[in-house]
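Step one of this worksheet: look at the structure below.
Worth knowing before you read on, the calculation uses all heavy atoms, side chains too, and leaves out hydrogens, waters and symmetry mates. In what follows, chains carry the letters A, B, and so on, assigned in the order in which the sequence lines appear, proteins first and then strands, with residues in each chain numbered from 1.
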Amino acid sequence: MRWNVDRIKHLLQTETQKAVLIGTLIVMMIGLSLATPSFLSVTNFTNVFLKVAVIVIIASAANLLMVTGHFDLSVGSVLAFSGILHAYLCKHGVPIEMSMLITCIVAMGWGGINAMTVAVLGINPVIATVGVLFIARGFAFLVARWDGGANIMTGLPMEFVDFGRELVFGIFPLAIVMMVAALALFLFIEKRTEIGRFAYAIGANLQAAKLSGINTVGIIALLYVIVALFAGLSGILQTSRVGLAAPNVAKGLEFDVIVAIILGGTAMTGGVGSTIGMLLGALVVGFASNGLILLGIPFYYQSIAYGVILIGSLMLNQRFTNPARA
Amino acid sequence: SIAATAGLADDKIVLGKIPFTLEHSYHQSIVEIFSDYAEKNYGAETIVVDGQASSESSLSAVENLIAQKVDGIALHSPDIGMTATAVEAAHKAGIPIVTTLIYPSTKTAPHIQPKEEFSSFRMGEVAAEQWMTAFPDKPVKVAILNFGGFEQIAKLRTEPFFKGVQSVAPDAELVAMQNGFGSTIKSMEVMLDILQANPDVNIIFGANDDMALGALAATEQLGRGKMKDGAPLTEIIAGVDGGENAMVKVFNPNSSFKLTHGQVRDNGRAEVDTLMAMIEGTIEMDKWLEVQTLSPEFDYWNSSVPAAQKFLEENFGFEKDLQALVDTQR
Amino acid sequence: MDGSNILEIRDVGKAFPGVVALKGVSFDIKRNTVHCIVGENGAGKSTFIKILTGVHERSSGEITLDGKPFAPTRVRDAMAAGISVLYQELNVVDELTIAGNLTLGQEAHSFGFPKQDTAILEKAAGILASFDESISMDTLVGSLSVAQKQVVEITKALCSDCAVLVMDEPTASLSLGETRKLFDTVARLKASGVTIIFISHKLDEIFENGDYITIFRDGEMIETRSLEGLERSDLVRMMLGKVVVNDYVPSPAIQTETALEVRNATTRKLRNVSFDLQKGEILGFYGLVGAGKTEVCEILYGHPCAGEIRVKGKATRLDDVRKSLKAGLALVPEERREAGIFGLLGIRQNIPLMNMANVKSHGLVRRAEENRLADHYIDALSIAARDREHQVSLLSGGNQQKVVIAKCLNRDSDIILMDEPTRGVDVGAKQEIHDIIRELAGQGKSIIVFTSELQEVVQLCDRIALMYDGALRQIVQNGPDLDTDHIMKLVAGEEIEA
Amino acid sequence: MKQANTLPGFMKSQTFILFLVFIALNIFFALMSDHFFQLGNYFNMLKQSSALLLTAAAATMLMMTGNFDLSASANLAFSGVLYALLAAAGLPLLLAALITLAAGMGFGLINGLLVTRWEISPFIATLGMMFIGNGLALVVCGGQSVRSGLPDNFRNLMNAELLGLPVPILIALVGCTLFWVLTNRTLIGKYAMAIGSNRNAAVLSGINVNAITLGLFVAVALMASLSGIMTASRIGAGDPRIYEFFFMDVVVAIMLGGTPLSGGRGSIIGTLIAAMIVIVIGNGLSMLNVLIFWQTIIKGVILIVAMILNEKVKFGSRVVATTPPADRSVANQATSVAAQ
Ligand SMILES: Nc1ncnc2c1ncn2[C@@H]1O[C@H](COP(=O)(O)OP(=O)(O)OP(=O)(O)O)[C@@H](O)[C@H]1O
Ligand SMILES: Nc1ncnc2c1ncn2[C@@H]1O[C@H](COP(=O)(O)OP(=O)(O)OP(=O)(O)O)[C@@H](O)[C@H]1O
Ligand SMILES: [Mg+2]
Ligand SMILES: [Mg+2]
């Protein structure tokens with residue numbers, strides 16, 4: 001296909017959401033690099049990517065889940081629980097790789113509960129996953145308590161932190177590599193596999209999807225399990241990055257994830273959305289919070305500015321997709 | 001004055017303890033010490049209702065305990081204003097109440113006050129001294145992680161710490177003060193951003209150990225965070241609480257997390273003792289009485305591992321060997 | 001009929017992003033007439049109505065109502081001007097009762113508290129009962145069938161005292177009986193001085209009720225004239241720009257091989273339904289609304305039943321959609337919006353969903369294959385769309401139906417179930433769909449068409465199964481000597497001596 | 001045609017099942033703890049939850065339209081601080097309250113305009129307002145709770161009694177009754193339902209969908225703001241960090257009460273019972289001296305189990321509801337065709 005004015009125009013028309021997000025990002029970057037000299041550097045971009053890595057890893061899967069019209073509010077708790085479990089196992093003599101495996105399987109178990117209640121029993125995803133949010137969080141605190149405190153840190157084997165601090169090829173932090181891998185996997189699923197196509201179909205019309213012979217329950221369940229698995233992996237990653245497992249981490253992570261997804265253009269009701277959009281959404285959020293700290297803005301004002309950026313970027317988007325408006 | 005009558009007829013005394021939030025090890029430990037001590041020394045039973053770091057929940061907790069007709073309430077409230085209300089409610093029900101850490105705005109009940117500000121100041125002093133000795137010509141730049149501006153934290157920890165620094169290095173500069181949300185991972189992310197904007201930060205204070213550990217992780221990721229046999233290289237990190245995780249770093253000659261202070265046991269015991277004194281009528285429940293406890297400071301240069309070992313055993317039910325733990329560190 | 005114009009439409013145009021739906025139409029509507037609007041799917045009829053009623057804002061042009069400029073920006077404006085509308089899509093609130101739906105937006109109230117307006121309710125109940133006595137006013141609308149919902153909507157439109165009544169394909173899901181009653185009502189309203197704008201794809205209805213007719217094609221007004229003296233074939237030619245002949249031709253490839261046998265199928269609704277389907281045959285199921293046609297369709301596609309079903313001689317249970325698909329059946333469902341299309345997705349994504357094998361190689365979805373497939377069906381079924389990415393919910397009804405059929409054809413099943421395949425489809429497209437069905441039969445596929453339109457079975461099917469009240473009364477052979485009176489009697493439940 | 005049912009209709013409703021769960025919990029805790037089943041304790045629970053009940057009742061109506069407000073907690077915190085500031089500045093309490101309510105209403109107006117005029121997803125719009133509100137609450141008081149200089153009568157609102165009932169309970173009662181009446185007896189309730197069920201149908205019926213949605217956003221904001229005033233008066237200070245997960249409690253109460261996120265139906269009574277279930281669990285488990293972490297877990301399990309029960313019952317009643325009264329109508333059509 002040749003690139004011509006028409007095609008670009010068409011792309012702009014159909015991909016307004018992304019175009020606006022990219023525009024917002026560019027404006028933010030120009031502003032920040034003028035305002036603070038330390039903004040435009042490899043380490044800073046690494047920092048931002050590290051900051052959004054966990055969000056993007058989980059949101060890659062959660063995005064497709066939301067494309068089917070479902071969501072998972074338990075990711076923060078599953079992440080915290082997995083971090084604690086991993087640290088607990090390692091501290092009590094389970095080899096690190098083994099512990100990772102067990103933690104991942106247990107994390108998928110949490111996803112399995114969501115899959116069971118939401119996909120199979122048809123329970124409202126808000127309540128079902130909030131239920132798991134409570135349960136997993138409670139157990140995270142309990143496991144830590146059985147270990148004798150609120151955090152697990154001392155007594156961990158020295159190699160515990162190696163995984164999280166590993167630099168792939170000596171330059172890329174593992175968290176970023178995992179983020180790219182999760183993105184690539186879900187881009188691939190979205191664009192090239194049946195599951196991706198079916199996810200959109202389910203979100204667009206559940207009834208029609210069933211009548212078309214699509215295994216709707218199976219796909220929704222699978223996505224719930226993958227989301228939980230990614231939350232579990234993120235928990236392991238995060239814990240081994242800081243070398244400490246705390247049961248109170250990632251409170252409200254579910255909102256960060258949903259914000260990235262919705263900013264990226266995925267509808268809560270499903271049927272539309274894209275992995276790339278989600279990434280852009282996460283980056284807007286990540287650069288906003290990075291910039292606010294770089295500028296040394298006090299916390300209270302950061303909160304206000306963050307809210308304004310969220311609403312502002314969606315307003316911009318509305319303005320461009322819907323020129324008739326205001 | 002009101003007489004503490006409630007519950008005296010019961011065979012067993014029941015105390016209510018409202019921790020700030022059980023989500024932190026400090027508060028878990030204090031609850032443990034409180035109940036053990038009450039049981040062992042007074043044969044009293046303890047009911048724990050979590051304050052969930054919210055003044056709303058804490059006040060509800062007070063009301064619930066009043067409904068259960070406990071004999072005394074120990075409250076670590078998250079808010080100064082609410083403390084007065086809680087005290088009034090307890091008194092109205094004739095139940096003695098003791099408050100901790102957060103001064104009530106009305107002084108109508110006994111209060112336990114850990115004098116943290118001295119140790120915070122001292123940590124600032126020591127950190128600045130150590131830095132100035134090692135790098136006399138590198139100006140002191142301080143970064144602080146707090147809980148998002150809680151005033152009590154400012155009064156007891158962050159302000160005295162910075163004053164301590166200034167007392168040694170008068171032109172020390174506070175280059176960043178950000179919210180670490182009391183969390184290690186959040187603090188790590190925030191500290192990465194702070195160090196990006198201010199790579200020359202050389203003294204970092206986390207208003208609790210979790211945040212100091214997050215700051216340490218951030219510096220480590222940037223290839224800093226190290227000391228050479230206790231000699232500063234890139235920065236000095238200080239925290240508060242004095243738990244096991246912090247101590248292990250503090251006494252590790254290669255880590256730049258070097259100072260902390262804390263107190264659990266004395267606070268817990270003082271709460272129980274004061275409550276029991278009120279129940280037994282030896283002190284009046286509606287008179288202001290400030291019981292002060294100390295929050296001993298530990299740092300690599302001036303404290304010993306055995307002292308820290310003892311502190312951990314007394315305060316956190318520590319049963320391991322600190323030196324051994326330190327030795328396993330890289 | 002005093003001959004004056006109640007509405008004058010001048011150069012009215014409407015552009016949606018990417019589509020010009022109306023390209024400046026001008027015509028007049030005379031007071032106290034039945035003015036019909038016809039045109040292919042997507043010609044712009046509904047768009048015109050929505051402009052008239054303030055749902056869409058027009059891009060250009062002017063309208064005068066009773067000689068005064070009329071530019072509604074909200075639905076209320078049109079209501080206040082005395083225009084009452086029956087929209088093409090069902091617009092009922094499932095969670096409310098019938099009474100709640102009928103009064104929605106028009107309630108008499110004081111300070112927000114609804115006042116029991118017995119007069120209105122009695123009037124509504126009267127209108128409702130004249131269509132269907134069995135439904136009570138406090139039934140939840142969600143529990144009604146599509147046809148009954150449509151009756152509720154008609155009742156709602158008729159309730160308000162209006163000067164202009166607009167009906168956009170009111171009979172698409174009505175039975176003959178209800179249709180008849182609707183026409184009686186139309187006649188009565190006209191007698192009482194109301195002007196009626198009537199849109200339909202069923203030409204009989206046009207000729208029966210209409211006084212004037214406006215023909216739309218591609219967003220343009222082709223002609224407005226009196227229906228008197230207009231020939232049916234001329235009308236079709238004006239609508240489509242071509243001639244349509246649609247007579248029954250027996251399917252050429254009927255074989256003696258049985259594709260499907262159903263024996264004594266019984267459910268709560270069905271009683272002992274038994275029939276065979278030959279290979280290469282088009283079997284029609286005809287009955288009134290609620291006779292159980294859809295129910296027969298359902299037991300072949302995912303619903304359990306008592307009795308025996310054999311597919312190609314093999315006893316099979318078809319109580320799960322995926323079992324049916326595996327056994328070689330595929331369905332074009334009755335309610336295309338709810339069960340057929342994936343509205344938010346493009347045509348390209350819709351078509352392969354029943355059978356991804358056609359767009360995969362090495363286990364992966366190939367975009368190029370998807371494109372090829374979409375282009376193939378857009379071409380084969382002449383789906384009118386901007387391009388293959390056109391969002392299906394924005395296609396006109398007929399084209400949406402073609403997308404559903406394309407999706408089903410892509411499955412390449414041997415037995416195809418089509419429940420009301422041409423509902424809401426224009427004459428041209430209907431002819432095309434019929435041609436597709438015939439072609440499929442010619443390829444040796446077996447097709448069952450469930451329809452409540454007599455003309456459709458008569459034109460299309462080789463054999464016709466007649467349903468009444470959950471029972472299959474008789475299967476008649478189509479042919480030149482088909483006795484439609486006999487059919488009507490059977491489906492109406494009259495006793496026939498053997 | 002009447003269905004031959006052994007159970008009366010209301011017993012099949014979700015709300016009734018919830019009510020049974022609620023009763024069962026009460027009996028359980030009454031048996032387990034001496035102090036639970038006492039008027040004083042119930043007054044406590046109602047007082048503690050009065051803000052939640054009020055806001056949740058309003059938010060139920062909003063959710064019936066398919067919208068929700070995540071900024072309620074920020075609004076509550078902001079309003080509490082503002083109210084305390086105004087009171088400390090010497091304004092008469094009534095005036096302070098009115099100004100605060102007006103400011104709190106601003107949240108609703110902005111939320112409503114963002115959602116209706118700009119068609120921004122309510123999730124982002126109200127989450128954005130939550131961040132802004134949280135920041136504002138901290139900014140106006142400089143991060144310190146407002147407690148000095150408050151007039152003596154500042155806490156009267158929440159501690160006074162009227163007719164033997166604590167005033168906060170009366171306020172909640174009046175407020176909830178108001179919203180029950182609005183939902184079940186007025187056109188607004190009907191329209192809210194219609195908007196959530198089929199927005200298009202509502203628009204085409206001439207309902208001013210945007211005005212009603214906006215109005216309900218404002219109503220929720222007003223109630224959140226009032227809750228802020230009540231909470232400030234309860235704790236005797238304006239605390240900017242109060243009740244961070246308030247909106248979570250609100251949403252859980254509404255959805256457990258049987259109102260779906262997509263709207264279309266809803267039950268104020270259901271919401272109130274659900275809210276009380278959550279409160280009773282917290283209170284009862286605390287009385288049993290259950291560790292907070294176990295409390296969290298038990299809360300989660302009860303949520304899921306209650307929802308599964310709901311779903312089962314709903315399923316049962318759906319089957320009943322859709323049995324078509326077929327025979328007569330078919331016969332009716334048949335005769336009419338025959339008459340042609
Ligand atoms: N909201 C919309 N956005 C974009 N395009 C639209 C919209 N509504 C209609 N269209 C397009 O406008 C054209 C005219 O559609 P309209 O619904 O008026 O056709 P119609 O004549 O009523 O057809 P049918 O007989 O199938 O109902 C079609 O091409 C349709 O795809
Ligand atoms: N008279 C009726 N009253 C209530 N529900 C009905 C009635 N008729 C049909 N239904 C419901 O509508 C659906 C389709 O029913 P059925 O198979 O009997 O109809 P049909 O003959 O296909 O008629 P049509 O599809 O034209 O409505 C079924 O779910 C049935 O329960
Ligand atoms: Mg139309
Ligand atoms: Mg049917």
*Enter the distance from D/I207:CD1 to C/R76:CZ here, rounded to the nearest 0.5 Å.*
8.0 Å
*Of all heavy-atom pairs between D/V203 and C/V75, which one has the smallest distance, and what is that distance?*
O-CG2, 3.3 Å
*Could you list which of residues 89-111 of chain C have a heavy atom closer than 4.5 Å to any heavy atom of chain D, in residue-number order?*
C/L90, C/N91, C/V92, C/V93, C/D94, C/E95, C/L96, C/G100, C/T103, C/L104, C/G105, C/Q106, C/E107, C/H109
*asked:* What I'd like to find out is whether the side chain of C/V85 reaches to under 4.5 Å of the side chain of D/L204, using heavy atoms alone.
replied: no
_Looking only at heavy atoms and a cut-off of under 4.5 Å, which of D/S197, D/G264, D/A194 has the most pairs with chain C?_
D/S197
_Those residues of residues 55-68 of chain D, ordered by number, that approach chain C below 4.5 Å (heavy atom to heavy atom)_ = none
_With a sphere of 6.0 Å drawn around CZ of D/F19, does it hold more than 12 non-hydrogen atoms of other residues, nucleotides or ligands?_
no
*Which atoms of C/K156 come close to chain D, meaning under 4.5 Å heavy atom to heavy atom: side chain ones, backbone ones, both, or neither?*
side chain
*Are any of the side-chain heavy atoms of D/L187 and C/F113 separated by less than 4.5 Å?*
no
